[in-house]
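Heads up, the thing below is written out as structure tokens.
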Amino acid sequence: MEALVKLLTLPLTKKQVESSMAVQSLKPRIDMMKARYGDDQAKIKRETNFLYEQAGVNPLAGCLPSIVTIPIFIGLYRSLTNVATEGLLDTQGFYWIPSLAGPTSINTRGTEWLFPFVDGAPASGWDNALPYLVLPVLLVACQYVSSSIISPPIDPNAENANTQRALYTFLPMMIGWFALNVPSGLGLYYLANTVMTTLIQVWLRKLGGADVQINELGPITKVGTGRRMGQAVSDDDVWKPSAAYQASIEADAAAAAAAAEAGAANAAAEIVRINPQLLGAGGLDPSKEAPQNIASFSEMLAKGFLPVNLSLPGLRVQNIDPPVLTVEQFLPGEVCDALRQAAQASGKMKVSGVGGTGDLKEDIRTSSTLAITKEVLADCPEIKPLLQQLLDRAVQLLGDELDTAALSGMQFVRPTAPTQLAPELPQIAHYLPGQHFLSHEDGFPSAIALDKGYQRRATLLIYLNDVLQGGQTQFDHLGFGVQPQRGKALLFFPSFSGGKSDARTLHTAEDAAEGAEKWVFQLWLCAGLPIRPKVDAAAMAAQQLAAQRKGGVSPQKPKRANKKKQR
Ligand SMILES: O=C(O)CCC(=O)C(=O)O
Ligand SMILES: [Fe+2]
């Protein structure tokens, strides 16, 4: 009977275990999130739900099946007690147990058959009592074994760690006590139940019976110290990716290779440059290229990065992959001048921030910045029409997906879909001679992107003045820089369309030269993360469990941006 119930509820149990293992595998991320947000329960809840959604895990799937099995359990309990009280089991023994209805009876209730001891022996005498003591002892032992096998390890940092520990210790004892008080048939039922449950759980959790699937989430990295305004990576504490993640990267790479072979998006990390002569002469002019070349470049942009209007007048290709584009006279000179003057007149230029740390000791970013907030716009209304012109041009370059409406409230609206391109609050940066922004990537590391739910997908810089010497935006890995020129735009893509940041776009704002200050308008465009392909998370979950038992994942040395020497 019990076996039948177990069999019927097996698919439910399997689902429950799979869900709880998936939830367990996300625990390190959730712990880090909690450490980050501290007491902000609402935020933790929202971000946790978001994480489950990203991972494709339904935490409720874990409790639903157990709710379904409760009525079955109650039904069994009732019918067994009825059978016992009606005396139907009185003559029914089981191996060493004389009667399944014993040791309690109408005359002896509860533990009266055992306590109090008379002359050092149970009330019913050792001979009668001993067979009935075997079952409770077995039950306690079984319960201990099963909970040590199937319960997740106690997190020593959890507030209720002591309660959990006490529960693990006392629950088996309580069940043992309960067994002393009821007909042994019930104890037997419970024993059978425990043994079967344990066996099923062992099969699911330890022998690979469970098929845990979560969406690939990238390596676990410590959040909270990102490159928020296009800052340096110096304080990023990167944790070792799990073997499962490594495997998923390999699978991704294999898929990417296959896709590239099929002529689809090329995710390979090699660099494809344009002819150096063309580069020296200001870049490749798409209108002078064979249409099929431009069509394939356009497709690569759309699939691998973002769609771009390559027929915009003045557009030049500076690098093919990663794509770097410039647009001459993107903004009329007068608009640039007016923006510069408005920024200066605002009196609100602040020392440019670097990350959440605000740590400027290392002189990573020494410029000053005006963040164009609602308040700034209210104080400097002349900026509004200038900004509108600039955004209109940005839409011509990047298409309607660019959600400029989001900016009308001068508030960043978090994009949710990968196709929704939302501008962050624009900034105007001012570099005095000798000021710079050292090597950095604009894209967020995976964990931060995941935590935010979006990634920076495009950087659009518009130079507001001519800089004749120095002040270049230099691409460290690509071997060229863009010289600031009033009204010229620079467009590149800090991350791939899949949301992974593209390390090839590492760049530096070179020192503005003696007597040459530099003004630049900066717009970062973000998009929601796509749902990543499923990976088999069983290995990942097992590994993380093992790591937790060992006492945590070992942190890797933080990655450092290679700093450029000052000139
Ligand atoms: O000013 C520049 O040339 C580049 C600025 C930059 O990279 C940034 O602010 O993220
Ligand atoms: Fe940058």
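In this chain, residues are counted from 1 in sequence order. Read the numbers this way: they start at 1 and go in the same order the structure lists the ligands and their atoms.
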Given the Fe ion (ligand 2) as the apex, I'd like the angle to NE2 of His507 and NE2 of His440, rounded to 10 degrees.
90°
Under 3.5 Å, is there a donor-acceptor pair between the Thr508 and Asp476 side chains?
yes
Report the part of Thr459 in contact with ligand 1, treating N, CA, C, O as backbone and CB onward as side chain, heavy atoms under 4.0 Å; options are side chain, backbone, both, neither.
neither
Relative to the heavy atoms of Val520, which atoms of ligand 1 are at a distance of less than 4.0 Å?
1 (O)
Is it the case that the side chain of Arg457 and the backbone of Phe493 share a donor-acceptor pair, with hydrogens and angles ignored and the cut-off at 3.5 Å?
no
Show the atoms of ligand 1 that are less than 4.0 angstrom away from any heavy atom in Trp524.
8 (C), 9 (O), 10 (O)
Tell me which donor-acceptor pairs under 3.5 Å the side chains of residues 278-289 have, and how far apart each pair is, sequence neighbours excluded?
{"from": "Asp285", "atom 1": "OD1", "to": "Ser287", "atom 2": "N", "distance (Å)": "3.0"}
{"from": "Asp285", "atom 1": "OD1", "to": "Ser287", "atom 2": "OG", "distance (Å)": "2.9"}
{"from": "Asp285", "atom 1": "OD2", "to": "Ser287", "atom 2": "OG", "distance (Å)": "3.3"}

Could you tell me which residues satisfy side chain to side chain contact (heavy atoms under 4.5 Å, CB included) with Ala509, sequence neighbours excluded, listed by chain and number?
Tyr431, Phe437, Lys518
Using a 4.0 Å cut-off to any heavy atom of Ala509, which atoms of ligand 1 qualify?
1 (O), 2 (C), 3 (O), 4 (C)
When you measure from the side chain of Glu328 to the backbone N and O of Gly314, does any donor-acceptor pair fall under 3.5 Å?
no
Using the ring of each side chain (for Trp, its six-membered ring), is Phe475 parallel, tilted or perpendicular to Phe492, with breaks at 30° and 60°?
perpendicular
Can you find a non-hydrogen atom of Lys518 under 4.0 Å from ligand 1?
yes
At a 4.0 Å threshold, what atoms of ligand 1 neighbour a non-hydrogen atom of Asp442?
10 (O)
Out of His440, Gln522, Arg365, whose heavy atom sits nearest atom 10 (O) of ligand 1?
His440
Are Phe412 and Tyr454 close enough that their ring centres sit under 6.0 Å apart?
yes
Can you tell which of Tyr431, Phe521, Trp519, Phe437 gets a heavy atom nearest to atom 1 (O) of ligand 1?
Tyr431
Are any side-chain N or O atoms of Ser501 and backbone N or O atoms of Pro445, one a donor and one an acceptor, separated by less than 3.5 Å?
no
Given Thr369, Leu461, Thr473, identify the one with the heavy atom nearest to atom 3 (O) of ligand 1.
Thr473
Using a 3.5 Å cut-off on N or O atoms only, is Tyr463 in polar contact with ligand 1?
no
Could you tell me which N, O or S atom of Asp442 is nearest to the Fe ion (ligand 2)?
OD1
